[in-house]
Amino acid sequence: MSREASYPPGPQGLPVIGNTVDLSRDIFAFFEQLRDEYGRVASYQVFGTDACMVAHPDAIQQILLDDHEAFEKGDVVTRNLDDAMGEGLFLAGGDQWQIQRTQMQPAFYRDRLNTYVPEMHATAGELVTQWSDGEIINVIDTMTATTMDVLGRTLFGVDVTENSVVTEASDAILARFDTSRFWSFLPDQLPTPTNQRYRRELEQLQAFVDELAAQRQAQEPENRGDDLLSILVGFVEANDLTRKEFRDNMITFLFAGHETTALGLTYTALCLAQHPEEQATLRAEIDAVCDGEVTADDLPKLDRTANVIDEALRLYPPVYMFFREAMRDVKLQGYEIPEGTTLVLPQWVVHRDPAWWDDPETFRPDRFVGDTDRPEYAHFPFGGGPRHCIGMRFARMEMKTVLATILSEYTFELVSEPEPDLIASTNLKPSGPIKLKLRERSEANEVIP
Ligand code: HEM
């Protein structure tokens, strides 16, 4: 396909580095400006690579669902993450992906997920018992430790918080892929300090997950349970999964599963602290539904809590964009997209687009009540189609359980700035701590919903 009039319009960047400088300066403003000036399918260049932003829900649905077989994750994603998780579920393609998705799906069936709720509730409960009235927490650190703990206990049957390997490797790996920094666009073979630290930590992490497998294999199969670690180990023993696939999946789940959920919880807590009346409504709902404990049966009844989480994920999507590569020539919204083009699907832009959302900057959970005529893919925090987030239900259950456990005993009051500065790192992160003051429930502290 030639790049003629029907190729999506876009700005001319500087020679060689294309639009990379603008992009790494303020990626959110860059994409919003691209939409406003050139439309919801628009082109740009990064280091000589032709890329297109796709910010129209119908085109997003076409890529993720209707024509999904015409798109793969592509070089932009695999290049940098290959040695850490190239053969794991997140990056694998074709048959390898299909087989793994089928192998791992049972760990995420609704009935199986229900059995994780007591661990989720217990982990949040332990946190709450350490708090006291008036204490100020750095909410992102608190939530990160909590989600890491939940993930380790439920999917791998271990207390990962006892071992610093995971948190240190996590920091090093996330720093390596921090797109807010110019060097994350540089090849990872360059011996920069970030790259060297990344390699060192990655090796330690691989040794750690190998050790977890060895411990599990040392147990009799009937005593192993059926968590994700046992499922993976079983497939390795049956020669249906290679060692590299095993390691890459362990690392995939450690990374895909904890920071994203921690950020989801952080932004929900922030929105609640900004809106005390909404917080009071949630507490009333939680009091009515939960009887001291938060159980799996309670979760589907926490409707308002679900609306609040959806609205927080709309305003602050932890995954603020992701990529695909066109595997053949395709047509999107009337434009011709040649094979090999990198496509970026930016939740940030779509979730705040006035075309689909009235008053898009305002927190309004009612948007998610009842039917709407909004296009389905105007809200896609967990992606969509066959490659949608396998942990979506897990994350939703965890967020509800943790919030319900906390709000049964405490409310949040905002201490830091009402609107945090955000950075486009590996995930959407606040640039500094978000500080919340904890208020123990008492009549004096009660807000009437
Ligand atoms: C609020 C929390 C979360 C958010 C916002 C989120 C977001 C996403 C998104 C947008 C994708 C699709 C990426 C793409 O299509 O390129 C994805 C995929 C994935 N997520 Fe999540 N995620 C969350 C929690 C989790 C959890 C808790 C787990 C694991 C326990 C998990 C594991 C994965 C995996 C393995 C994939 C790849 C699935 C595949 O390709 O088949 N995520 N996630």
Side-chain angles (χ1 to χ4, degrees), residues 54 60-61 63-65 68 71-74 76-78 81 85-94 96-105 107-109 112-113 116 119-120 143-144 146-156 160 227-229 231-232 245 248-268 306 309-310 312-325 342-348 350-351 377 379-403 426-429:
V54 182
I60 292 167
Q61 173 167 337
I63 294 168
L64 297 180
L65 184 67
H68 68 89
F71 302 93
E72 283 184 6
K73 294 255 164 159
V76 179
V77 191
T78 50
L81 290 169
M85 42 182 134
E87 296 200 29
L89 187 64
F90 192 83
L91 292 184
Q96 187 181 33
W97 168 77
Q98 186 70 62
I99 292 168
Q100 289 192 7
R101 181 100 187 187
T102 312
Q103 288 172 330
M104 286 163 219
Q105 200 66 58
F108 298 93
Y109 286 156
R112 189 72 188 89
L113 292 178
Y116 301 147
E119 286 288 11
M120 293 171 174
M143 296 305 181
T144 304
T146 306
T147 56
M148 183 58 112
D149 199 2
V150 166
L151 198 76
R153 291 196 203 190
T154 55
L155 298 185
F156 307 129
V160 278
D227 62 9
L228 185 67
L229 176 59
I231 292 176
L232 294 175
E245 287 179 311
D248 286 16
N249 272 303
M250 291 293 286
I251 295 175
T252 297
F253 279 91
L254 281 170
F255 287 102
H258 93 278
E259 195 183 69
T260 43
T261 316
L263 287 165
L265 276 165
T266 296
Y267 294 128
T268 308
I309 291 171
D310 274 332
L313 294 178
R314 178 187 73 81
L315 277 170
Y316 305 103
V319 176
Y320 58 94
M321 64 175 192
F322 60 87
F323 298 93
R324 285 296 185 269
E325 189 176 309
T342 295
L343 303 173
V344 57
L345 285 62
Q347 280 98 334
W348 174 269
V350 182
H351 287 188
Y377 280 76
H379 187 250
F380 63 117
F382 295 97
R387 291 207 77 147
H388 76 273
C389 175
I390 197 172
M392 177 176 80
R393 267 200 212 140
F394 181 104
R396 286 190 183 284
M397 290 174 90
E398 179 175 358
M399 288 190 279
K400 273 187 175 175
T401 307
V402 171
L403 279 174
T426 326
N427 293 309
L428 179 70
K429 285 199 211 166

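All ligand and atom numbering here is 1-based and tracks the order in the structure. Quick note: residue numbers are just sequence positions, from 1. Any value given below was found using the heavy atoms of this structure, including those in side chains, with hydrogens, waters and symmetry copies removed.
- A side chain to side chain contact (heavy atoms under 4.5 Å, CB included) with Phe394 is found for exactly one of Glu398, Met397, Arg396, namely Glu398.
- Neither the backbone nor the side chain of Glu398 comes within 4.0 Å of ligand 1, counting heavy atoms alone.
- A donor-acceptor pair under 3.5 Å is absent between the side-chain atoms of Glu87 and the main chain of Gln96, judged by distance alone.
- For atom 14 (C) of ligand 1, the nearest protein heavy atom (residue, atom name, distance) is Lys73 NZ, 3.3 Å.
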Task: Step-by-step side chain to side chain contact (heavy atoms under 4.5 Å, CB included) determination, Leu151 to Thr261 - done: CA-CA 10 Å; Leu151 198 76; Thr261 316; over 6 Å; no

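- Legend: residues meeting side chain to side chain donor-acceptor pair (under 3.5 Å) with Lys429, ordered by chain and number and at least two apart, are Glu259.
- The N/O atoms of Arg101, backbone and side chain alike, include one that comes under 3.5 Å of an N/O atom in ligand 1.
- Ligand-side atoms of ligand 1 in range of Thr261: 1 (C), 2 (C), 24 (C), 27 (C), range being under 4.0 angstrom from any heavy atom.
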TODO: Evaluate side chain to side chain contact (heavy atoms under 4.5 Å, CB included) for Leu313 paired with Gln347, printing each intermediate quantity in order.
DONE: CA-CA 10 Å; Leu313 294 178; Gln347 280 98 334; over 6 Å; no

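- Salt-bridge formation is not detected for the pair Arg153/Asp227: no Lys NZ or Arg NE/NH1/NH2 atom is positioned less than 4.0 Å from an Asp or Glu carboxylate oxygen.
- Each of the atoms 27 (C) of ligand 1 lies under 4.0 Å from some heavy atom of Phe394.
- The backbone N or O of Arg314 sits less than 3.5 Å from a side-chain atom of His351, completing a donor-acceptor pair.
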Return a table of donor-acceptor pairs under 3.5 angstrom between the side chains of residues 380-389 and protein atoms on other chains or two or more places apart.
residue : atom : partner : partner atom : Å
Arg387  : NH1  : Ala92   : O            : 2.7
Arg387  : NH2  : Leu89   : O            : 2.7
Arg387  : NH2  : Phe90   : O            : 3.2
Arg387  : NH2  : Ala92   : O            : 3.0
His388  : ND1  : Gly385  : O            : 2.9

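- The shortest N or O to N or O distance between His388 and ligand 1 is not under 3.5 Å.
- When all heavy atoms of Tyr377 and Ile60 are compared, the closest pair comes out as CD2-CG2, 3.7 Å.
- Interface atoms of ligand 1 facing Arg324, defined by a heavy-atom separation under 4.0 Å, are 14 (C), 15 (O), 16 (O).
- The heavy atom nearest to atom 41 (O) of ligand 1, considering only Phe323, Phe90, Trp97, is found in Trp97.
- Below 3.5 Å of separation, one finds an N or O of Arg387 facing an N or O of ligand 1.
- Counting heavy atoms from C-beta on, the side chains of Leu254 and Phe156 come closer than 4.5 Å.
- A heavy-atom separation below 4.0 Å is not found between Gln100 and ligand 1.
- Trp348 pairs by the side chain to side chain donor-acceptor pair (under 3.5 Å) definition with Glu32, not counting sequence neighbours.
- Within ligand 1, counting atoms from 1 as listed, the ones closer than 4.0 Å to a heavy atom of Pro381 are 5 (C), 7 (C), 10 (C).
- Taking the side chain as every heavy atom from C-beta outward, Val319 and Leu428 never approach each other to under 4.5 Å.
- Listed by chain and residue number, the protein N/O/S atoms under 2.8 Å of atom 21 (Fe) of ligand 1 are Cys389 SG, with waters left out.
- In the vicinity of Leu155, heavy-atom distances shorter than 4.0 Å reach the ligand 1 atoms 30 (C).
- Listed by number with element, the atoms of ligand 1 under 4.0 Å from a non-hydrogen atom of Leu89 are 35 (C), 39 (C), 40 (O), 41 (O).
- Contact between Leu64 and ligand 1 is absent, with no heavy atom of the residue lying under 4.0 Å from the ligand.
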- [ ] Run the numbers on Glu72 and Arg324 for side chain to side chain contact (heavy atoms under 4.5 Å, CB included), then give the verdict.
- [x] CA-CA 5 Å; Glu72 283 184 6; Arg324 285 296 185 269; 6.0 Å; no

